[in-house]
Amino acid sequence: LEFDQDLIASKFWPMGKQNSIVLDPKRQLGQPVINETNIQPQVLFTLFKGGESIPFIAYLYDLDEKSVKGAIDFCNSAA
């Protein structure tokens, strides 16, 4: 969890801060997103399941490959 100045939880990192997935109520109504974007991990996971490579998905969304892998890991763990 990440707290704001009033000690209220402001962000939740379900897989730890080393992973790029964050739940932030100020973005996408608190749904999981890639940190510093509004891209939902399910979008990247769907492309990956459809046969697209991690480097191509990273290029397509202008992300690093670690973020794409984190999104895939998150979706696999949630399934």
Nearest heavy atoms of [X] and [Y], plus distance in Å:
X: Pro32; Y: Pro41; value: O-CD, 3.1 Å
X: Gln40; Y: Gln28; value: NE2-OE1, 3.8 Å
X: Thr37; Y: Arg27; value: O-NE, 3.4 Å

Is the closest side-chain heavy-atom distance between [X] and [Y] below 4.5 Å?
X: Phe48; Y: Ile54; value: yes
X: Ile21; Y: Asn35; value: no
X: Val43; Y: Tyr61; value: yes

Around atom CG of Asp62, are there more than 12 heavy atoms from other residues, nucleotides or ligands closer than 6.0 Å?
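It does not: Asp62 CG has 12 such atoms or fewer within range.
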Residues, nucleotides or ligands: over 12 heavy atoms within 6.0 Å of Phe45 CZ
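More than 12 within 6.0 Å, yes.
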Rounded distance (nearest 0.5 Å) linking atom [atom1] of [X] with atom [atom2] of [Y]:
X: Asp73; Y: Asn19; atom1: CG; atom2: CG; value: 7.0 Å
X: Glu65; Y: Ser53; atom1: CD; atom2: OG; value: 8.0 Å
X: Ser67; Y: Ile72; atom1: OG; atom2: CD1; value: 11.0 Å
X: Phe74; Y: Leu44; atom1: CZ; atom2: CG; value: 12.0 Å
X: Trp13; Y: Leu23; atom1: CH2; atom2: CG; value: 10.0 Å
X: Glu52; Y: Thr46; atom1: CD; atom2: OG1; value: 11.5 Å

Could you go step by step and tell me if Val68 and Leu47 meet the side-chain contact (heavy atoms from CB on, under 4.5 Å) rule?
CA-CA 10 Å; Val68 175; Leu47 286 171; over 6 Å; no
Taking Ile39 as the starting point, is it possible to reach Met15 by hopping between hydrophobic residues whose side chains are less than 4.5 Å apart?
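Yes; tracing contacts between hydrophobic side chains, which count when under 4.5 Å, links both residues.
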Spell out, yes or no, whether Phe3 and Phe12 are grouped together once hydrophobic residues are joined by side-chain heavy atoms under 4.5 Å, including indirect joins.
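Linked, Phe3 and Phe12 end up in one cluster.
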Within the side chain of Asp6, is there an N or O that forms a donor-acceptor pair under 3.5 Å with the backbone of Ile8?
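The answer is no, because no donor-acceptor pair under 3.5 Å joins these two groups.
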